[in-house]
Each structure stands twice: as C-alpha cells, then as structure tokens.
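Quick notes on the structure that follows.
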Amino acid sequence: MANLKSDKADITKLYKELVIKHASNPYNFGSLKSDAVRSTGINPLCGDKLEIYISTHNDTIKKIRFEGVGCAISIASASMLTEILKDTSISEAKKIAWSFISELSSNRELSENDFIKNNKELSILCAVKDFPTRIKCVNLSWQTFLSAFDDDIKITSTE
Amino acid sequence: MANLKSDKADITKLYKELVIKHASNPYNFGSLKSDAVRSTGINPLCGDKLEIYISTHNDTIKKIRFEGVGCAISIASASMLTEILKDTSISEAKKIAWSFISELSSNRELSENDFIKNNKELSILCAVKDFPTRIKCVNLSWQTFLSAFDDDIKITSTE
Amino acid sequence: MDAYRKDFPAINQSINDNKLVYLDSAASSQMPTSVIDEVARYQMNDHANVHRGIHTLSHRATMVYEKTRQDLSDFINAKNTNEIIFTSGTTESINLVAQSYCRPKLNKNKKILISHLEHHSNIVPWQIVCEQTQSSLEIAPINNKGEIITEDLISMIDESVVLISISHVSNALGSVSEVKKIIQAAHKNGVPVLVDGAQSIPHIKVDVEELNADFYVFSGHKMHAPTGTGILYGKEDLLEKMPPYKSGGDMILEVKFTGTTYNDLPYKFEAGTPNISGIAGLGAAVGYLRKIGMINIESHEKNLLDYMSSELKNVDGINLIGNADNKIGVQSFTLENIHSHDIGTILDHQGVAIRTGHHCAMPVMEFFGISGTARASLALYNNKEDIDCLVAGLHKVNEVFS
Amino acid sequence: MDAYRKDFPAINQSINDNKLVYLDSAASSQMPTSVIDEVARYQMNDHANVHRGIHTLSHRATMVYEKTRQDLSDFINAKNTNEIIFTSGTTESINLVAQSYCRPKLNKNKKILISHLEHHSNIVPWQIVCEQTQSSLEIAPINNKGEIITEDLISMIDESVVLISISHVSNALGSVSEVKKIIQAAHKNGVPVLVDGAQSIPHIKVDVEELNADFYVFSGHKMHAPTGTGILYGKEDLLEKMPPYKSGGDMILEVKFTGTTYNDLPYKFEAGTPNISGIAGLGAAVGYLRKIGMINIESHEKNLLDYMSSELKNVDGINLIGNADNKIGVQSFTLENIHSHDIGTILDHQGVAIRTGHHCAMPVMEFFGISGTARASLALYNNKEDIDCLVAGLHKVNEVFS
Ligand SMILES: Cc1ncc(COP(=O)(O)O)c(C=O)c1O
Ligand SMILES: Cc1ncc(COP(=O)(O)O)c(C=O)c1O
C-alpha cells in the first residue's frame with residue numbers, strides 16, 4: 001500500500017497561491033510584430049522554449065509579450081515578468097531582472113532587495129529557492145529578457 | 001628502518017638454480033642467415049623484443065637461434081627453448097611448445113605432460129606459475145616460435 | 001523479488017519525509033551493497049595501475065579488471081574476451097564505432113540507417129560523422145504505438161548502407177524492437193548492425209551470438225554498476241580491422257617517432273588508464289544479476305509493468321504514451337494540461353522519483369507532438385507498493401492543479 | 001607527514017609476508033579513506049543521473065558533480081567552472097584537444113610541437129592527428145640529464161605551429177620542464193600550449209592563470225582519486241570555439257533530424273552519463289590535498305627524493321637515469337647487467353612495489369639506449385623507511401644475481 005505522509009506545505013502552496021493562477025491564464029501571452037526585439041530562451045533539460053518580444057520607445061518598455069511552451073512555474077514566471085517590467089525604463093528593468101536572478105541563487109531566507117520585498121508575488125515566487133531543481137524554470141524568462149539587450153547572446157540556456 | 005622479513009624461498013631459488021645460468025650465458029644466441037624462418041616477438045609491457053631464427057631440413061629443425069633483449073627469465077626461457085627444440089621434427093616441436101604454454105596457464109601443481117615431467121629444467125621453470133606477472137616472460141619465446149609456422153601472425157605479443 | 005530490496009541502500013531512505021519510491025532506473029539504476037563493497041574493497045586492497053606493472057598490486061588490479069571482461073563475455077555470450085572493449089559508457093561505445101568503423105567507409109554515396117525512436121546518443125554521433133563525410137543519415141519511421149515499423153526499416157536497406165544502428169529497447173517508451181529480424185535482413189544485404197542495448201541489458205537475457213549482432217553496446221550504470229563504465233561488444237573480425245579511436249598508453253606495442261605499432265585486441269581500443277574501480281564494480285554487478293537470474297528479473301518486471309500500465313489508467317486526464325505490443329521496463333505518460341515538470345516536482349515532494357522531459361529522445365517527443373512526458377521506469381527492486389505510491393501521487397498532482 | 005599514512009588503507013597491508021612499500025604512485029596513487037568513503041556514501045545515498053532530473057536524488061547527484069567542478073576550478077585557479085571539463089583521464093583530455101582543437105586547423109603546412117620526453121599519451125594522439133591531416137610532428141630534443149632543451153624548443157616555434165604539447169613533469173624521469181618560459185615564448189608567436197600535468201598535479205601547486213597555460217590536463221587517479229576521472233582545463237575562449245569531441249546525451253540543446261544545437265560549456269564536451277561516483281571521489285581528493293597543503297606535500301617529497309637519490313647511490317652497479325636540475329617525484333635507475341623486470345620481481349617478493357620497463361615513454365628509453373628502467377616514485381604517504389626498504393631490497397637483488 002502507498003505510504004504517503006503529508007507533503008511539505010509549501011510546494012502545493014506555491015502552486016495554489018501563485019503559479020496556477022498565472023500559468024492557467026498568463027498575462028501578455030502572444031507575439032509582437034517584427035520591429036520588436038525578440039529573444040529566445042531554451043531549457044535543454046525540459047525542452048522548454050520561450051520567446052520574449054519587447055517593443056520600446058524612448059528607452060521605456062512599451063509592450064512586452066511572450067510565447068512558448070514550459071512548465072507552470074516557467075510560464076507563471078514569464079507572465080509575472082511581463083506584468084512587472086512593462087512601462088519601466090530599460091535600465092530599471094535590467095536592474096530588476098538582475099536582482100531577482102541573484103536573489104534566487106542566494107541563501108537568504110528573505111530578500112534584502114526593496115523592489116522584491118515590496119512586490120508580493122515576486123516575494124512568494126522566491127519560495128522556489130527551496131526546490132532547487134526548479135530555479136532554472138523561474139530563471140529562464142528573466143535571463144531571456146536580459147539577453148535581448150546583449151548582442152552576443154541571442155539564445156539563452158539555463159543549463 | 002627497513003623491515004624486511006625473509007623472502008619466499010622459491011623466487012631466489014628459481015633465479016639461482018636455473019634462470020641466471022641460462023641468462024648469463026644463453027645457448028644458441030645469435031642469428032641465422034636469410035634462408036632461415038624468422039619470427040619476432042614483443043612484450044609491450046617491458047619493451048622486450050626477441051627474434052627467433054629457424055632453419056629446417058626435411059621437416060626437422062636443424063638450427064635454431066635467438067637474439068634480442070629481455071629480462072633474465074625471458075632470455076633463460078628462450079635459451080632452453082633452443083636447446084630443447086633443436087633436432088626435433090617441426091610437428092613434435094610445435095606439440096612441445098603448445099603443451100608447455102598450456103601448462104603455464106594451468107593450475108596444476110605438477111605437470112601431467114610426460115615430456116615436461118621428464119625434462120628437469122622445464123619442470124623447474126614451471127615454478128614461474130607462482131609469479132603470474134612473469135609468465136608472459138617465459139611464454140614470449142615459445143609463442144614466437146609457434147608464430148613462425150603461422151602465416152597470419154608474424155609479430156607475437158604476449159599481452 | 002522483494003527479498004532483494006534490502007540489498008540496495010539507496011532505495012531504503014526517506015525523501016522529503018516520505019519513503020523513497022525510485023522509479024527512475026532507466027536513467028540510472030541503484031547499486032547493491034555487493035557492488036559498493038567491491039569498489040571499496042578494490043580501492044582499499046588491490047588498487048594499482050593495470051597491465052603495466054609486475055608488482056603484486058598491479059597484478060591483482062589486472063586480474064580484477066580482466067575477470068570482469070571474462071564475466072561480461074560470458075554474460076552476453078561473446079565468443080571470447082577480445083570482443084569485449086571497456087568504454088566509459090554507451091555514448092562512448094557508439095562514438096567509437098561511428099569514428100573508427102564508419103568514418104573511413106563513409107562518403108557521399110553512403111548512408112547510416114537509424115530509427116526515429118533513438119536516444120540522442122544514437123543520433124548525434126551519426127549526424128556528426130555523416131556531416132564529416134558528406135554521407136546521409138536515414139531515419140526509419142515509427143508508428144503511433146511507438147514501434148519501429150520493421151518492414152519500412154528493412155525496405156530501406158541496400159548496399160549503400162554502411163551500418164544500421166538501432167536500440168534494442170527504447171528508453172523513452174520501452175518498445176522492444178525486432179532486432180533479430182532486422183539483423184537477418186541487414187546481413188542478407190551485407191550490412192552490419194549495431195544494437196544499442198543500454199535499456200535491454202538490465203532487463204532481459206541478451207545473447208549476442210543468437211542475435212548475431214555485429215556490435216552491441218551498453219552502460220554499467222543502468223545495470224546496477226558504477227557510472228563511467230560501458231561495453232562495446234564487437235565481432236572480432238570487425239574490431240580487428242578498425243583503427244584505434246583514442247590513443248595513448250596501453251594501446252600500443254611500440255612507439256617511435258618514425259611510427260607506432262598498435263596493440264592487439266581488446267587493448268587497441270583502451271587507451272589510457274581505465275576506470276578500474278568502476279570495472280571492479282561492474283564485475284560484481286554482473287555476478288549479482290546472474291545470481292538472481294535474468295529470467296526471474298524479466299518475469300518480475302513484466303508483471304509489474306502490466307500492473308503499472310493498468311493502474312495508471314485510473315488517473316484522471318492521463319494519456320499513456322508508447323503502447324508497443326512488446327514493451328519492457330518503462331511507461332511514459334502525460335496528464336491533461338499539466339506539464340511533466342510540474343508532475344515531477346509534486347511527486348518528488350511525496351518521495352516518488354520519476355523522470356520528466358524529453359528523455360534525450362526529442363525526435364520521439366516531436367513525433368507525438370509533445371514537449372515531454374513523465375516516465376516511470378522499473379528495476380528488479382521495484383514492487384507493487386511503489387506503483388501504488390506513484391498512482392496516489394498522481395491523484396495529488398491532479399488535486400493541486402484542480 | 002607520517003601522520004597521514006594511516007589514512008591510506010592500501011599501504012597498510014602486507015605483501016608476500018612483508019609490509020607493503022608502495023613506490024609506484026606515479027603509475028597510480030592510493031586513495032585516502034575520505035575518498036573511498038565519499039564514493040561509497042555517494043553510491044548509497046545520492047546516486048542518480050545528473051542534469052537530467054528534477055527529483056531529489058538527481059539534484060543531489062548534480063550538486064556533488066558540480067561541486068567537484070568548482071573545487072577543481074579553485075584548486076588550479078581557473079577563471080570559472082566553464083573552463084573545467086570532466087574527462088576519463090589525461091589520455092582522453094589530450095585526444096579531445098588533438099581532434100577537436102587541432103584537427104580542423106592542421107594541414108600539410110602546419111605542425112604540432114612536442115618533446116622527446118613525453119608519455120605515449122602525449123605522442124600517439126599527435127602522430128594520429130598529424131597523419132590524418134598530412135601535417136608534421138616536430139620533436140624538441142632533450143639533453144643527457146633528461147631535460148627538455150628549452151632554447152632548442154623555443155627556436156622551433158613559428159607560426160606554422162598549431163599547438164605545443166609538453167609535460168609539466170616527466171613521468172619517466174621526474175624532470176620539471178620550464179613550462180612558463182616556453183608558454184611565454186609560444187604566446188609571442190601566437191601559439192597556444194597544452195601542458196600535460198599528470199605528474200605535476202599531485203606534487204606541486206599548479207596555478208593555470210599564473211602559468212598562462214592554454215590547456216592543462218591531468219588524471220584523478222594520480223592525485224589520490226578514483227580511476228576513470230580526468231580534467232581538461234582550457235581557456236574559455238578556446239573551448240568556446242571548439243566543436244564537440246564525443247556526442248550524445250547532455251551535450252546538446254536541441255536534437256532534430258534537420259540539425260542539432262550544441263549545449264554551452266562545459267557540457268558541450270561531456271556527452272553521455274559521466275563517471276559521477278568517481279567525480280565525487282575526486283572532489284574528496286582535492287579536499288584532502290588542500291587540507292594538507294600542496295606546499296607541505298612539495299617540501300616533504302623534495303626531502304624524500306633527495307634522500308632517495310643519495311641512498312640509491314650506495315647500491316652496487318646502479319646507474320641513476322634522469323638527473324634534471326629540477327626534478328620531482330620519481331627516480332629512475334638501472335642495475336648493471338640486471339634487467340629491470342628481474343629487479344621488480346625480486347623487490348616485489350620483499351613487499352617493495354616499483355615500476356619497471358619503459359613507463360610508456362619508449363622514446364626516452366631509446367634516447368638513453370636502454371629498454372627500460374626501474375622507477376621508484378613518491379607520494380605524500382611515503383617516508384624514509386620506505387626508501388631504506390627499497391635500498392635493502394636492491395642489495396638483495398644484487399646478491400641473487402651475484
Ligand atoms: C606524463 C603523463 N602523461 C599522461 C599519462 C596518461 O594518463 P592516464 O593513463 O591517466 O590517461 C600519464 C600516466 O600514465 C603520465 O604520467
Ligand atoms: C537507449 C539509450 N541509449 C544510450 C544511452 C546513453 O547512455 P550513457 O549516458 O550511459 O552513455 C541511454 C541512456 O541514457 C539510453 O537509454
């Protein structure tokens with residue numbers, strides 16, 4: 001007979017509170033036409049593939065969309081990314097992306113970054129730190145976003 | 001300080017009783033001219049190299065010589081080989097060589113082969129069975145001899 | 001077979017406060033204590049470099065190493081130990097054949113023939129060698145059950161084919177290919193066949209002579225031995241004619257700057273110091289499998305796979321991928337609207353370890369129009385309780401996503 | 001350093017009724033308990049396939065594996081872990097560079113430059129790739145002390161040289177080459193240098209950045225880690241541009257029959273399931289060496305080598321081969337009229353393990369006009385008593401042959 005004790009609360013909590021809401025109905029899902037910057041991200045472990053489209057005006061991100069296939073966590077992360085970075089300046093957006101990625105690789109319980117601390121959903125998403133195999137799923141969209149502004153790298157891989 | 005207990009008696013015995021006598025003054029050392037069959041043996045582990053020259057008449061080995069470099073055990077074995085196989089028929093010589101080689105790979109304490117049993121020096125040389133890393137040194141000349149009559153193989157390697 | 005569970009320390013542990021249920025043996029299997037102990041024993045008592053020394057430890061190490069070669073030769077019924085080449089794994093074995101056997105024979109009029117069912121390790125080395133030689137790589141099709149369509153493959157065989165390379169058992173779907181039939185057809189056209197046995201060797205009795213395979217390759221770590229060990233079985237006359245792949249110490253007779261003479265089989269293909277402790281463990285693993293008996297393992301796993309496939313059907317929204325008539329060891333599946341990674345994570349938190357994603361078989365995923373599957377794979381130590389845990393775990397996944 | 005002897009189970013045993021005196025660490029060194037235990041611990045608790053799974057064991061295995069990469073990166077002062085490629089050993093590392101870096105660049109107007117002092121593993125791969133590409137292999141000379149003649153080597157460098165490949169320390173003679181000077185001269189001509197560090201890494205502190213080596217290669221089993229593990233260090237910009245060597249699982253981003261995209265560094269060069277348990281042991285070995293401190297190891301061994309070389313001079317008929325001004329780790333010698341194998345056998349029967357023969361360095365033997373030497377080699381666990389046993393054993397050899 002199956003011998004299952006109770007789950008750690010957090011994984012189902014993370015899914016139920018945040019991930020499924022975004023993943024089942026992601027924000028800004030779709031593409032932009034050819035004048036937008038386009039950046040591709042791949043996670044070779046899962047075969048996930050993400051395209052992010054960014055259209056800017058006067059150094060501000062006016063539109064941002066994504067499409068692709070991925071697990072609920074990576075889709076949710078991309079959905080949140082588009083919501084958060086829309087209407088910010090490119091330099092501000094890059095700063096947020098960098099802080100969030102480095103937050104995920106830190107050992108801190110609670111973020112010291114003001115932006116992350118003050119964003120409820122990002123704070124919850126940080127709980128993925130407890131599931132290290134999935135950090136790359138969260139990372140994928142953020143790294144793909146950053147590589148859009150780096151001429152050398154056009155395909156991002158999280159491994 | 002050095003902490004040496006007594007050797008097993010046999011290794012020095014083997015050297016002293018048999019090997020050094022042959023190795024320091026091997027029988028039939030040298031080459032034969034071009035009409036003789038010539039066969040080369042190599043032991044890649046040690047870089048040993050042996051040439052055996054055989055001249056036959058009416059299916060009988062008339063002259064047999066060897067030259068090359070090798071450890072005392074392999075030189076002694078080659079020296080004994082030339083003494084034993086000289087003046088025997090080719091088929092008899094091959095039989096002796098085969099029996100001796102298979103004797104060396106057997107687990108028997110005492111040989112069941114009459115020829116080996118009756119040849120005092122070969123019987124002593126069988127003691128090399130207790131030093132398995134050196135069996136190939138003994139084998140080299142016998143295998144090289146056999147390969148002289150096998151058109152496919154001209155270079156014998158004991159590894 | 002439950003009696004053997006206690007031999008595997010790795011499966012007798014808790015993960016995330018649950019008893020571990022290890023259903024990922026197709027990726028890498030766990031080792032019995034006898035293997036782990038033999039590795040440690042070797043390292044504590046017998047270790048030295050092989051083939052190069054005349055002192056006692058070097059002799060012992062060589063004996064251990066060569067005994068495993070003999071064990072493997074017996075295990076797969078090779079003609080002799082010259083046909084058993086030690087490699088670092090299936091991947092290296094295939095690369096060796098691609099570069100050493102095929103590359104010199106390939107040109108723009110020649111082909112390599114594989115199937116749509118292959119693991120990346122049995123695709124990419126062929127893509128590369130075909131590119132290097134401007135030859136073409138032909139892909140035999142599969143059907144909706146996930147089986148190689150044997151007649152189609154056979155109809156693609158002609159004299160321009162230098163080698164056919166197919167898996168005995170698919171790692172993604174568990175489909176057992178009609179290897180013997182394919183080999184017979186290939187040989188009628190004078191074409192040799194490499195069989196990728198990575199997924200067959202731990203599960204069924206393999207007899208290379210009866211199959212008449214020209215090359216048969218597999219990995220130690222999928223048969224309860226340490227990683228970093230693998231086998232290339234090849235028919236002696238083929239191996240004899242092949243140039244070395246890697247070069248260095250041990251694979252030569254004589255090195256001069258004017259030219260080098262290679263050593264005989266099997267050493268010609270074993271350049272450098274090999275994975276001796278791993279090979280010691282591989283010998284112990286073969287001993288363990290022979291003690292239990294491959295026939296017993298096969299029938300145990302067959303029952304278990306039947307049970308698993310039928311129990312899984314009770315899970316809401318499940319779609320079983322791979323329904324070959326002859327299937328062993330693994331069941332792949334998807335859940336409606338739930339990505340395989342999410343399944344994997346939620347199962348892991350219940351102690352159930354399965355594999356998710358493309359299983360290094362992207363073309364198979366593409367064929368089914370999916371990005372990946374969840375895959376539960378079996379080994380001799382699994383039992384019905386493991387499957388019950390998997391099914392209960394999947395109910396939980398559905399609940400989280402509901 | 002005697003305190004560390006107890007850490008090595010293999011050297012605390014009897015051979016042929018004598019205490020083992022292990023003087024063959026240059027062939028393969030013994031493992032401390034911490035390494036043997038880490039391998040077993042990994043196998044009992046953490047084993048699964050790496051990089052491919054999201055369940056807990058797969059994550060743990062990946063962590064163990066990648067931690068060793070970080071440890072090695074720190075140990076040799078690489079810029080980052082992308083510069084550390086896991087291979088099965090020095091031999092494979094050299095083959096990889098020969099085939100992947102050099103082969104595409106070589107043609108009949110190009111050269112590879114090595115020295116007369118090299119191990120077969122640093123000769124034969126170059127002979128083969130030069131033959132494959134009709135390019136030439138140039139050999140820098142050595143002198144009677146057994147040293148590379150640095151000026152002569154440097155004078156052979158020009159733009160037609162695609163790569164210089166030399167050993168940091170000779171395994172046959174212990175000579176330390178002037179690697180830094182050679183690298184500087186090479187770089188002036190835009191020529192990259194591979195350093196074969198198989199015999200340096202267990203004995204001295206290696207800093208690839210300070211040396212400015214382009215490639216640095218070594219084996220785990222010579223640094224108290226398991227066999228079947230090795231490292232290719234390469235500068236990131238060089239590795240980036242190189243095509244893969246082996247191919248298969250893990251080294252790809254995407255496989256399609258229309259074309260395959262390779263993975264990033266370091267995975268591009270790590271096809272197939274790697275030797276994970278061996279790598280776990282390698283991490284523990286690096287930890288062990290760092291705990292003791294390479295500086296302490298170096299000075300201990302230096303004293304011991306001086307003692308050995310001077311004590312050996314007391315043996316009748318001895319001829320020390322290799323008298324480099326800067327020498328570490330090994331002393332080769334011959335005894336008048338006694339073949340090295342006979343020396344080896346008689347020593348072994350007194351429990352003294354040395355290596356005899358050509359040490360996979362036939363050209364060195366040829367240079368000195370001999371077929372082989374006896375070679376005693378040191379590791380951190382050796383002491384003066386070991387050397388006294390060796391010398392007493394050699395007196396016995398002379399007595400047998402008298
Ligand atoms: C200097 C040198 N290079 C290369 C090698 C080959 O190393 P491995 O056999 O571990 O590949 C060795 C050791 O045998 C060596 O001493
Ligand atoms: C069918 C098949 N072929 C090849 C491989 C590659 O094996 P390895 O990674 O041990 O080289 C695997 C396992 O991953 C496999 O399942």
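Just so you know, these numbers use all the heavy atoms, side chains as well, and skip hydrogens, waters and symmetry mates. A note on names: the letters A, B, ... follow the listed sequences, proteins ahead of strands, and every chain is numbered from 1.
- Other residues, nucleotides and ligands place more than 12 heavy atoms under 6.0 Å from the NZ atom of B:Lys21.
- Contact count against chain B (heavy-atom pairs under 4.5 Å) is highest for D:Asp342 among D:Val400, D:Asp342, D:Asn337.
- Nearest heavy atoms, D:Ser371 versus B:Val69: CB-CG2, 4.5 Å.
- Closest of all the heavy-atom pairs between D:His341 and B:Arg134 is O-NH1, 3.0 Å.
- Residues of residues 89-97 of chain B lying under 4.5 angstrom from chain D, judged on non-hydrogen atoms, do not exist.
- The shortest heavy-atom contact between B:Lys16 and D:Glu399 is CE-O, 4.1 Å.
- Residue D:Asn314 qualifies as enclosed at atom CG: its count of foreign heavy atoms under 6.0 Å is above 12.
- With a 6.0 Å radius and a threshold of 12 heavy atoms from other residues, nucleotides or ligands, D:Glu131 has its CD atom at or below the threshold.
- Only the side chain of B:Ile20 comes within contact range of chain D, judged by heavy atoms closer than 4.5 Å.
- In this structure, B:Thr12 and D:Lys396 have side chains that are in contact, with non-hydrogen atoms separated by less than 4.5 Å.
- The neighbour count for B:Lys129 NZ, taken as heavy atoms of other residues, nucleotides or ligands under 6.0 Å away, is above 12.
- D:His339 and B:Asp48 share a donor-acceptor pair across their side chains, judged by distance under 3.5 Å alone.
- With a 4.5 Å cut-off on side-chain heavy atoms, D:Asp348 and B:Phe131 do not count as touching.
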